[in-house]
Amino acid sequence: MPFQHPEEIGYGYVIERYVTRKDSDHPRYRELKSGRALRPGWPHAERFARRLIDDAATINDAELEALLGYEWRSRLTAAWLIGVGRRATFRERIGDLLLASEFCFSGSAYCFALARFGTHADAEILTAYLDHYLPRTDLRYDQPAALGALLRLDALLGTHHADRFTQPDGLWNHWVNALAHLRDHPAYTPVERHRWTDLHCDFANGWTRP
């Protein structure tokens, strides 16, 4: 997909306004990537969350598109704002970006947004991603985040999309075990991937209406 700096389309201010703004001791995109907001006792949690909620409510569609059309920091931030605000009109755009996997780091935020939308359509996007990328055991993209989001949606919707990936000797185990140091690693169990997605979404539910 083509990408361009927001300045080229008249939205140069969105990077400083939404991506690199500091509501803590680091830029917003860095805090979102690190997951520090999920850690109990983080001193910036209230201010960080309040301002993220405000921006998720006030950013307009054109500004979000400007962010989604640029590099990984802006895409990651835009996807978080979309997810927190449950801006489901961006479902197709988020799905296209996830499947394209053009940049590192931003994919986990796309998965967060889809998990927050919480519908069968989102589960289908995540299933398509895993069908495409789990067989590629040489690629370490956003397979863990996608599986976690799909497991959460299965639990919410009463579906079983993830079962064929997580069955013994299934695609998930093949993908994990392709790297020796990941075999039996607790962070890569389906249960842990589900728990990690729940942490993100339940935290966001604490900021916004369920």
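These figures come from a predicted structure and were not determined experimentally.
The environment of CD in Glu92 is sparse: at most 12 heavy-atom neighbours from other residues, nucleotides or ligands sit within 6.0 Å. Within 6.0 Å of the CG atom in Asp184, the count of heavy atoms belonging to other residues, nucleotides or ligands does not exceed 12.
With values rounded to the nearest 0.5 angstrom, Glu71 atom CD is found 13.0 Å from Gln4 atom CD.
When each of Val14, Thr77, Leu76 is checked for a side chain to side chain contact (heavy atoms under 4.5 Å, CB included) with Val19, only Thr77 meets the rule.
In this structure, the side chains of Arg36 and Arg30 stay at 4.5 Å or more apart for every pair of heavy atoms. Looking at Cys111 and Leu126, their side chains come closer than 4.5 Å, going by heavy atoms from C-beta outward. Within the 4.5 Å cutoff, the side chain of His44 has heavy atoms near those of the Asp25 side chain. Residues Ser101 and Tyr129 have side chains in contact (heavy-atom distance under 4.5 Å, counting atoms from C-beta outward).
The side chain to side chain contact (heavy atoms under 4.5 Å, CB included) check on Leu179 picks up Arg140, His181, Leu182, with sequence neighbours excluded. Qualifying side chain to side chain contact (heavy atoms under 4.5 Å, CB included) partners for Asn177, counting only residues two or more places apart in sequence or in other chains: Asn173, Arg183.
The aromatic ring centroids of Trp72 and Tyr29 lie less than 6.0 Å from each other. Between Tyr141 and Tyr133, the distance separating the two ring centers is shorter than 6.0 angstrom.
A salt bridge links Glu192 with Arg195: the distance from a Lys NZ or Arg NE/NH1/NH2 to an Asp or Glu carboxylate oxygen falls below 4.0 Å. Between Asp23 and Arg51 there is a salt bridge, with a side-chain nitrogen of the basic residue lying less than 4.0 Å from a carboxylate oxygen of the acidic one. Salt-bridge annotation for Asp198 and Arg193: absent, with no side-chain N of the basic residue lying under 4.0 Å from a carboxylate O of the acidic one. Ionic pairing of Arg91 and Asp96 is not present here: no N-O contact between side-chain nitrogen and carboxylate oxygen is shorter than 4.0 angstrom.
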Trace of the salt bridge (charged side-chain N to carboxylate O under 4.0 Å, His left out) decision for Asp202 with Arg152: CA-CA 11 Å; Asp202 292 345; Arg152 178 178 174 86; 3.4 Å; yes
Tyr70 and Ile15: side-chain contact (heavy atoms from CB on, under 4.5 Å), yes or no, with the steps? CA-CA 10 Å; Tyr70 192 35; Ile15 301 299; 3.9 Å; yes
Decide salt bridge (charged side-chain N to carboxylate O under 4.0 Å, His left out) for Arg17 and Asp55; before the verdict, give the C-alpha distance in whole Å, the side-chain angles of both, and the deciding distance to 0.1 Å. CA-CA 9 Å; Arg17 173 69 181 81; Asp55 284 348; 2.8 Å; yes
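One hydrophobic cluster, built from ILVMFWY side chains closer than 4.5 Å, holds both Leu150 and Leu139. Leu171 and Val191 are not part of a single hydrophobic cluster, where members link through side-chain heavy atoms under 4.5 Å apart.
Using bins of under 30°, 30° to 60° and over 60° for the plane-to-plane angle, the ring pair Tyr11/Tyr13 lands in the tilted bin. Using a 30° and 60° split on the angle between ring planes, Phe48 and Trp42 fall in the perpendicular class, above 60°.
Counting only N and O atoms by type, the side chains of His174 and Asp169 include a donor and acceptor under 3.5 Å apart. Inspection of the Asp154 and Thr159 side chains reveals an N or O donor paired with an N or O acceptor under 3.5 Å. A donor-acceptor pair shorter than 3.5 Å can be found between the side chains of Glu63 and Tyr18. Side-chain contact check for Thr127 and Glu124: no donor-acceptor pair (N or O, by modelled atom type) lies under 3.5 Å.
Of all the heavy atoms in Arg75 and Ser106, the pair that sits closest is CB-CB, 4.0 Å. Residues Leu153 and Ala115 come closest through the heavy atom pair CD2-O, 3.8 Å. For the residue pair Ala113 and Ile82, the shortest heavy atom distance occurs at CB-CG2, 4.4 Å.
For His200 (side chain) and Trp196 (main-chain N/O), a donor-acceptor pair under 3.5 Å exists by modelled atom type.
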